[in-house]
Chemist: 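My structure is below; once you've seen it, I'll send some questions.
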Amino acid sequence: MAEVLSLVEARLRTALGEPDARAAMTFVGTDRVEVLRFLDPGNRERDGDPAAPRGGGSEGAVVRYATLGMSARPMADPTVVVPDPARGPRAELVLSVRAGLADTDKVLRPLAVLAASPQVEGLVVTAGASLEVGEPLWPGAPFSSVLVAESGGLVADLELDAPLDPVRFLPLLPMTANEAAWKRVKGAQALQERWLAHGTDLRDPLRGSVALD
């Protein structure tokens, strides 16, 4: 477990730079989960960031929060009586927001809760899924849920020695209540296409809902 997490942290540092802060949390019945904060000063856009508006500028710093600990164990189907301790999907979560517009550091606990959900609730977190926090992601946030995006862009997948599955770094895209309800009906791809069509900056911590039918 410790070796996997050391490799995961090294991959995060390679992709995002040195973290400027980190916090650790432990929930009953789970392993410790850390959340690392990385500051991108905004002098360039990160290729493959699904939260960035297409064709947008690169002005403004971006804060990226990444979990560390979720990938220590593979996610397992809760219906499996004896889960395989080695095989199964592994993931960490990455959230990107514009810096200085809201008190987004309060997202550390909600992120840790989401990262612990595979152990607590038996969830298998994959791209296209919705994750509900049950409260605003940070004070005044219009979001209480996130859409899980495809991995491999902002932080490349981390291959592990067989028989371990690779670690995937899954971007989280905050959703307003209206967007979350629309996604449940139309699907994840339709919502992402709507964001793309309207040039939505998903890193804006104060943005409103995109225009929906």
Chemist: With side chains defined as the heavy atoms from C-beta onward, is the minimum distance between Val107 and Val97 less than 4.5 Å?
Modeler: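 The answer is no, as the side chains (C-beta and beyond) never meet within the 4.5 Å cut-off.
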Chemist: Minimum heavy-atom separation for Gly208 to Thr176, with atom names?
Modeler: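 It is C-CG2, 4.2 Å.
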Chemist: Going by heavy atoms in the side chains, are Leu16 and Asp40 under 4.5 Å from each other?
Modeler: no
Chemist: CD/Glu9 to OG1/Thr14 distance, rounded to the nearest 0.5 angstrom?
Modeler: 10.5 Å
Chemist: Taking Arg37 for its side chain and Val63 for its backbone only, find out whether a donor-acceptor pair lies under 3.5 Å.
Modeler: no
Chemist: According to a hydrophobic-cluster definition based on side-chain heavy atoms being under 4.5 Å apart (Ile, Leu, Val, Met, Phe, Trp, Tyr only), do Leu123 and Met175 belong together?
Modeler: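 Looking at the clustering, Met175 is in a separate group from Leu123.
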Chemist: Could you state whether Leu131 and Trp182 fall into the same hydrophobic cluster, counting links through intermediate Ile, Leu, Val, Met, Phe, Trp or Tyr residues with side-chain heavy atoms under 4.5 angstrom apart?
Modeler: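 Different hydrophobic clusters.
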Chemist: Is any side-chain heavy atom of Thr126 closer than 4.5 Å to a side-chain heavy atom of Pro89?
Modeler: no
Chemist: For Ala86 and Leu164, work out which heavy atoms get closest and say how close.
Modeler: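 Taking Ala86 first and Leu164 second, the nearest heavy atoms are O-CD2, 3.5 Å.
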Chemist: Any sub-3.5 Å donor-acceptor pair from Arg90's side-chain atoms to Ser71's backbone N or O?
Modeler: yes
Chemist: Which of these, Leu93, Val33, Leu36, sits in a side chain to side chain contact (heavy atoms under 4.5 Å, CB included) with Leu68?
Modeler: Leu36
Chemist: Do the side chains of Val210 and Leu137 join up, straight or via other hydrophobic residues, at under 4.5 Å, putting them in one cluster?
Modeler: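 Val210 does not cluster with Leu137.
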Chemist: What are the two closest heavy atoms between Arg13 and Pro19, and how far apart are they?
Modeler: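 For Arg13 versus Pro19, the nearest heavy atoms are NH1-CD, 3.6 Å.
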Chemist: Among Lys183, Arg184, Glu179, find the one that has a side chain to side chain donor-acceptor pair (under 3.5 Å) with Ser130.
Modeler: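 Going through Lys183, Arg184, Glu179 one by one, the side chain to side chain donor-acceptor pair (under 3.5 Å) with Ser130 is satisfied by Lys183 alone.
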Chemist: Taking it one step at a time, do Leu202 and Arg207 satisfy side chain to side chain contact (heavy atoms under 4.5 Å, CB included)?
Modeler: CA-CA 8 Å; Leu202 299 173; Arg207 74 171 181 85; 3.7 Å; yes
Chemist: Roughly how far apart are Leu173 CG and Trp195 CH2, rounded to 0.5 Å?
Modeler: 5.0 Å
Chemist: Taking atom CG of Asp161 as the centre, report whether more than 12 heavy atoms of other residues, nucleotides or ligands fall under 6.0 Å from it.
Modeler: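 Counting other residues, nucleotides and ligands, CG of Asp161 stays at 12 neighbours or fewer.
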Chemist: Using a strict threshold of under 4.0 Å (side-chain N to carboxylate O), is an ion pair present between Glu135 and Arg109?
Modeler: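 Judged by the 4.0 Å cut-off on N to carboxylate O distance, Arg109 and Glu135 do not form a salt bridge.
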Chemist: After noting the C-alpha distance and the side-chain angles of Leu95 and Thr67, does the key distance pass the side chain to side chain contact (heavy atoms under 4.5 Å, CB included) rule?
Modeler: CA-CA 9 Å; Leu95 174 70; Thr67 64; over 6 Å; no
Chemist: Please evaluate residues Glu92 and Leu158 with respect to the criterion side chain to side chain contact (heavy atoms under 4.5 Å, CB included), reporting the C-alpha separation (whole Å), side-chain torsions for both, the decisive distance (0.1 Å), and the verdict.
Modeler: CA-CA 11 Å; Glu92 297 289 355; Leu158 174 63; over 6 Å; no
Chemist: Glu34 versus Leu5: any side-chain heavy-atom pair under 4.5 Å?
Modeler: no
Chemist: OG1 of Thr30 to CZ of Arg73: how many Å apart, nearest 0.5 Å?
Modeler: 9.5 Å
Chemist: Using residues 141-152 as the side-chain source, report each donor-acceptor pair under 3.5 Å to any protein atom, sequence neighbours left out, with the distance given to one decimal.
Modeler:
from   : atom 1 : to     : atom 2 : distance (Å)
Ser144 : OG     : Glu132 : OE2    : 3.2
Ser151 : OG     : Asp157 : OD1    : 3.0

Chemist: If you take all heavy atoms of Phe38 and Gly17, which pair is closest and at what distance?
Modeler: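 Shortest heavy-atom contact: CE2-O, 3.1 Å.
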Chemist: Keeping the roles fixed (side chain from Arg87, backbone from Asp165), state whether a donor-acceptor pair exists under 3.5 Å.
Modeler: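 No, the answer is negative, given that no donor and acceptor are paired below the 3.5 Å cut-off.
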Chemist: Report the distance from atom OG1 of Thr200 to atom CG of Leu191, rounding to the nearest 0.5 Å.
Modeler: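 If we round to the nearest 0.5 Å, Thr200:OG1 and Leu191:CG are 8.5 Å apart.
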Chemist: Is there a side-chain contact between Val125 and Met70 (heavy atoms, below 4.5 Å)?
Modeler: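 Contact flag for Val125/Met70 side chains = yes.
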Chemist: Determine whether Arg32 and Thr26 satisfy the following criterion, side-chain hydrogen bond (donor to acceptor under 3.5 Å, both in side chains), listing intermediate values before the conclusion.
Modeler: CA-CA 5 Å; Arg32 188 174 81 158; Thr26 304; 5.7 Å; no
Chemist: Given side chains that start at C-beta, do those of Asp103 and Trp138 come closer than 4.5 Å, heavy atoms only?
Modeler: no
Chemist: Would Lys186 and Leu212 count as a side chain to side chain contact (heavy atoms under 4.5 Å, CB included) if you check the C-alpha gap in whole Å, the side-chain angles of each, and the deciding distance to 0.1 Å?
Modeler: CA-CA 11 Å; Lys186 301 287 187 177; Leu212 302 169; over 6 Å; no
